[in-house]
Amino acid sequence: MFQSGKCTRQWERLRRVHFTSIPWRANNLQGYAQLAAEILEESKEMQTVILEPNAWMEAFGYRSAGQQQRINEWLVAHVLDFSRNVPRGRECE
């Protein structure tokens, strides 16, 4: 997202009413794939998801592009510095 700049994506919207118990005929891979295709075919709605990577900043009072850029630069520098100081083999602790 940060590299491509693409912050929106669309998917078919599947409402809860589309999901019932799986019938016995669909209790295998082929049947499940067919059932999934039928559900997707019934869906006529699209859902747009918009990612806003800097939305959290507004909660803390940062609104200008300059403030956001300075904070992002600070975060990148400190994350890179932190990752250099983590001993090998201990990344997941």
Side-chain angles (χ1 to χ4, degrees):
M1 172 188 68
F2 287 105
Q3 293 175 349
S4 70
K6 185 174 181 178
C7 295
T8 61
R9 189 165 176 189
Q10 286 192 321
W11 286 277
E12 290 88 1
R13 181 172 184 166
L14 303 176
R15 296 198 177 263
R16 179 71 178 109
V17 296
H18 289 118
F19 297 96
T20 59
S21 60
I22 296 176
W24 66 270
R25 67 174 173 79
N27 201 9
N28 57 51
L29 184 58
Q30 181 181 0
Y32 182 77
Q34 183 179 354
L35 182 61
E38 290 169 7
I39 290 172
L40 286 171
E41 182 66 31
E42 290 176 13
S43 174
K44 303 298 180 207
E45 294 180 79
M46 295 297 288
Q47 179 72 39
T48 301
V49 176
I50 301 171
L51 302 173
E52 297 185 44
N54 293 322
W56 67 271
M57 292 180 170
E58 288 185 21
F60 295 97
Y62 302 109
R63 288 183 169 68
S64 75
Q67 287 176 316
Q68 289 180 352
Q69 183 176 355
R70 284 190 299 277
I71 291 170
N72 285 339
E73 289 170 356
W74 184 89
L75 287 169
V76 168
H78 283 78
V79 168
L80 290 174
D81 187 48
F82 175 77
S83 65
R84 285 188 205 107
N85 293 320
V86 173
R88 292 287 175 213
R90 299 185 63 142
E91 293 89 346
C92 295
E93 287 185 9

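Only a predicted model underlies this, so the values are computations on that prediction, with no experimental measurement involved. Basis for what follows: all heavy atoms, side chains included, without hydrogens, waters or symmetry-related copies.
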**More than 12 heavy atoms from other groups under 6.0 Å of CD on Glu41** = no

**Message:** Rounded to the nearest 0.5 Å, what separates atom CD in Gln10 from atom CD in Glu45?
**Reply:** 12.0 Å

**Leu29, CG atom: more than 12 neighbouring heavy atoms under 6.0 Å** = no

**Item:** side chain to side chain contact (heavy atoms under 4.5 Å, CB included) between Glu12 and Met46, intermediate numbers included
**Value:** CA-CA 5 Å; Glu12 290 88 1; Met46 295 297 288; 4.2 Å; yes

**Asked** Is Gln30 atom CD crowded by more than 12 heavy atoms from other residues, nucleotides or ligands, each under 6.0 Å away?
**Response** no

**Asked** Rounded to the nearest 0.5 Å, how far apart are CD of Glu73 and CG of Leu75?
**Response** 10.5 Å

